[in-house]
Q: 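Could you have a look at this structure, given as structure tokens, before my questions?
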Amino acid sequence: MLQVKVIRENTDLIKAGLKKRGYNEEAIKSIDEVIRLDDIRKAAQTSLDAKLSEIKKHSDSIGSLFKSGKTQEANEMKSMVAELKTSSEPLENDLKSAIEGIRELLFKLPNTPHSKVPEGLTEDDNVVVKDWTNPLPTLIDNALPHWDLATKHNIIDFKLGVKITGAGFPLYRGKGARLQRALINFFLDEARDAGYEEILPPHLINEASGIGTGSLPDKEGQMYYMEKDNLYLIPTAEIPVTNIVRDVILKESDFPIKFCAYTPCFRREAGSYGSDVKGLNRVHQFDKVEIVQVEHPDKSHQTLDQMVTYVEGILNKLELPYRILRLCGGDLTFASALTYDFEVYSAAQDKWLEVSSVSNFETYQTNRMKCRYKDENGKTQLAHTLNGSALALARIVAALLENNQVVDGIKIPEVLIPYTGFDIIA
RNA sequence: GGAGGAGUGGCAGAGCUGGUUUAAUGCACUAGUCUUGAAAACUAGCGUGCCUUUACGGGCACCGGGGGUUCGAAUCCCUCCUCCUCCGCCA
């Protein structure tokens with residue numbers, strides 16, 4: 001959530017940010033509305049505080065009047081204070097509605113894109129900051145897309161998933177299940193070696209956590225919701241893990257805070273259809289290892305670069321061709337200030353599949369979560385949060401199966417063999 | 001799921017028959033005095049948010065969350081959440 005103070009001080013910058021994201025004039029005007037409401041809020045607070053101060057003083061003296069037996073005077077003062085109170089009610093309402101109005105507007109305003117974010121409104125405007133320069137893998141004759149490979153080797157059963165749950169809930173079996181588990185363990189071990197503390201969070205979150213990361217109310221329709229308990233199934237570990245620092249005041253020496261977590265991820269993906277959803281390309285449940293960092297504002301962008309480098313390292317170890325995109329204003333997610341997407345080449349589909357998204361949210365999440373730290377002057381400041389997938393399994397598996405198919409079956413990358421316990425799926 | 005108890009500042013812990021409590025006191029923490037240094041002792045400071053002020057300062061709100069009663073609420077009422085004890089169920 002944007003800070004009103006920042007909006008006041010950088011009005012033009014914030015407006016330009018909305019424009020970069022492709023927001024219309026009406027949305028941009030809401031910035032002025034926030035400032036207008038905040039003016040009302042301040043004025044109301046000033047007068048209300050003065051009234052309350054009077055009420056307080058008089059109420060105190062009523063107490064002493066009663067004690068000294070001056071009942072008559074006390075009762076007179078009582079009615080006087082009652083009047084004061086009545087006259088303060090409109091102010092109280094003004095204050096409340098101004099605060100509520102500001103809140104509603106702020107909930108709809110996305111983070112301001114970082115200056116590095118490219119102009120543009122669609123994914124075609126994303127900038128490839130690192131392309132794959134080596135030759136792309138050449139496949140054997142009669143190479144198959146992963147959904148056919150999955151069936152051929154009996155490692156993923158999409159039909160059983162449909163029977164048990166519904167479309168988009170694949171069932172992994174045999175070496176397919178073991179490959180999943182191997183990847184999860186490999187990713188977690190890599191993260192631990194890089195200094196991330198492993199977290200195994202709850203897979204359901206409450207409303208406050210959803211609001212904290214900016215997932216609510218923005219992505220309401222994308223999450224599975226348990227009405228009876230007012231809980232949401234997590235679409236990513238980002239939510240439970242980042243909320244660890246909700247309502248926390250850190251010390252500067254606590255930075256950097258580095259968490260990693262494996263969780264299944266649940267996404268309703270309402271409105272998706274067509275070839276995009278074939279096989280593992282887009283599913284309702286998939287596994288992911290997420291990395292989360294809480295950083296000092298001065299270091300967060302340097303940290304973002306390090307996280308990008310870290311993800312690159314894993315992809316290199318898996319020997320998968322990838323490219324890195326810097327998302328343009330229109331493609332940037334709601335809470336992010338700067339995002340890099342990783343895409344892995346799926347040979348048999350001749351498609352680039354998004355497997356990771358690494359973002360710096362700056363103060364957007366921490367302002368909602370009230371995650372702060374004491375700076376060297378003892379002042380409380382908002383921290384920065386970052387996160388990234390490292391990595392999302394389903395599409396990694398898709399690319400892995402397709403790119404590594406040989407005449408005898410599917411080769412397992414060297415680094416994974418100690419985890420799988422086998423070197424080929426035949 | 002049922003019955004009972006409890007949630008107070010970093011921690012511990014008063015207040016909880018409504019009104020000099022501006023939330024006592026202790027510990028921890030920070031600075032200073034003393035000391036060669038340290039400890040001890042002493043002195044002072046020590047929550048968050050907001051409004052106001054050039055500044056010094058002043059004001060308001062917050063005692064799990066929300067609402068209510070009252071001139072006045074940490075203190076009474078309602079509601080939700082969490083924790084503890086007992087019963088039930090259960091991997």
Side-chain angles (χ1 to χ4, degrees), chain A residues 1-9 34-107 200-212 216 225-232 240 243-254 257 264 363 365-383:
Chain A
M1 178 141 55
L2 298 173
Q3 301 167 81
V4 177
K5 202 178 82 187
V6 174
I7 291 178
R8 296 190 90 108
E9 285 165 8
V34 169
I35 294 174
R36 192 185 70 84
L37 286 173
D38 194 49
D39 287 337
I40 293 173
R41 188 197 115 254
K42 283 183 174 187
Q45 172 120 43
T46 307
S47 342
L48 180 64
D49 281 359
K51 289 247 191 215
L52 289 176
S53 178
E54 260 188 273
I55 291 174
K56 239 172 129 173
K57 269 191 206 116
H58 292 317
S59 295
D60 281 348
S61 42
I62 289 171
S64 12
L65 284 174
F66 270 123
K67 268 190 184 161
S68 50
K70 294 175 184 163
T71 320
Q72 174 73 21
E73 284 178 51
N75 282 328
E76 273 169 26
M77 197 162 246
K78 249 194 190 178
S79 49
M80 194 187 104
V81 177
E83 257 172 60
L84 260 178
K85 211 200 169 186
T86 314
S87 72
S88 75
E89 268 165 25
L91 285 171
E92 213 168 312
N93 291 334
D94 286 353
L95 183 65
K96 258 191 191 166
S97 62
I99 290 171
E100 192 46 47
I102 292 167
R103 206 175 120 90
E104 264 173 44
L105 288 172
L106 289 181
F107 267 149
L200 203 162
H203 295 171
L204 281 85
I205 49 133
N206 58 28
E207 204 168 22
S209 295
I211 290 171
L216 287 174
Y225 175 55
M226 245 108 337
E227 197 175 5
K228 208 168 177 184
D229 300 290
N230 195 24
L231 296 171
Y232 297 82
N243 272 281
I244 290 173
V245 293
R246 180 165 48 129
D247 290 320
V248 171
I249 298 180
L250 301 157
K251 296 190 290 268
E252 268 194 332
S253 58
D254 291 331
I257 293 173
T363 59
Q365 294 183 327
T366 51
N367 187 37
R368 286 196 176 192
M369 288 194 299
K370 297 287 166 274
C371 169
R372 293 157 294 175
Y373 70 96
K374 293 261 189 208
D375 68 14
E376 66 245 9
N377 302 317
K379 274 191 75 180
T380 22
Q381 308 279 3
L382 291 172

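Reminder, nothing fancy here: chain letters follow the sequence lines and each chain counts from 1. These numbers were taken from a predicted model, which means no experiment stands behind them.
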Q: Rounded to whole angstrom units, what separation is found between the NE2 atom of His58(A) and the P atom of C60(B)?
A: 12 Å
Q: The criterion is salt bridge (Lys or Arg N to Asp or Glu O under 4.0 Å); which residues satisfy it with Asp39(A), sequence neighbours excluded?
A: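 Expected list: Arg8(A).
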Q: So what does Thr380(A) hit on the nucleic acid, given a heavy-atom distance under 4.0 Å: a base, only sugar-phosphate, or nothing?
A: sugar-phosphate
Q: Of all the nucleotides listed (C71(B), G59(B), C51(B)), which has the minimum atom distance to the side chain of Ser53(A)?
A: G59(B)
Q: So if I take every side-chain heavy atom of Lys374(A) and compare against U48(B), C51(B), C71(B), which nucleotide ends up nearest?
A: U48(B)
Q: Donor-acceptor pairs are to be reported for all side-chain atoms of residues 97-107 of chain A against protein atoms at under 3.5 Å, with residues two or more places apart or in another chain.
A:
unit_1, atom_1, unit_2, atom_2, d
Ser97(A), OG, Asn93(A), O, 3.1
Ser97(A), OG, Asp94(A), O, 3.3

Q: Looking at RNA chain B, which of residues 89-99 of chain A put a heavy atom within less than 4.0 Å of it?
A: none
Q: Among side-chain atoms of Asn367(A) and Gln3(A), is any donor-acceptor pair under 3.5 angstrom?
A: no
Q: How far, in whole Å, is G13(B) from G7(B) if one measures between their C1' atoms?
A: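 It comes out at 14 Å once rounded to the nearest Å.
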Q: Is the shortest side-chain N/O distance from Arg372(A) to OP1 or OP2 of G49(B) below 4.0 Å?
A: yes
Q: Can you give me the dot-bracket string for RNA chain B, 5' to 3', counting Watson-Crick and G-U wobble pairs with both distances under 3.5 Å, using [ ] for crossing pairs and | for partners on another strand?
A: ((((((((.[[[..)...(.....]]].(((((.......))))).((((((....)))))).[[[[[..)....]]]]])))))))....
Q: What pairs with Tyr232(A) under ring-ring contact (aromatic ring centres under 6.0 Å, His included), at least two apart in sequence or on another chain?
A: Tyr225(A)
Q: Just jot down the side chain to side chain donor-acceptor pair (under 3.5 Å) partners of Lys51(A), sequence neighbours excluded, or say none.
A: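 Here the qualifying residues are Ser87(A).
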Q: Return the nearest nucleotide to the side chain of Gln45(A); candidates are C71(B), U52(B), C50(B).
A: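 Selected nucleotide: C50(B).
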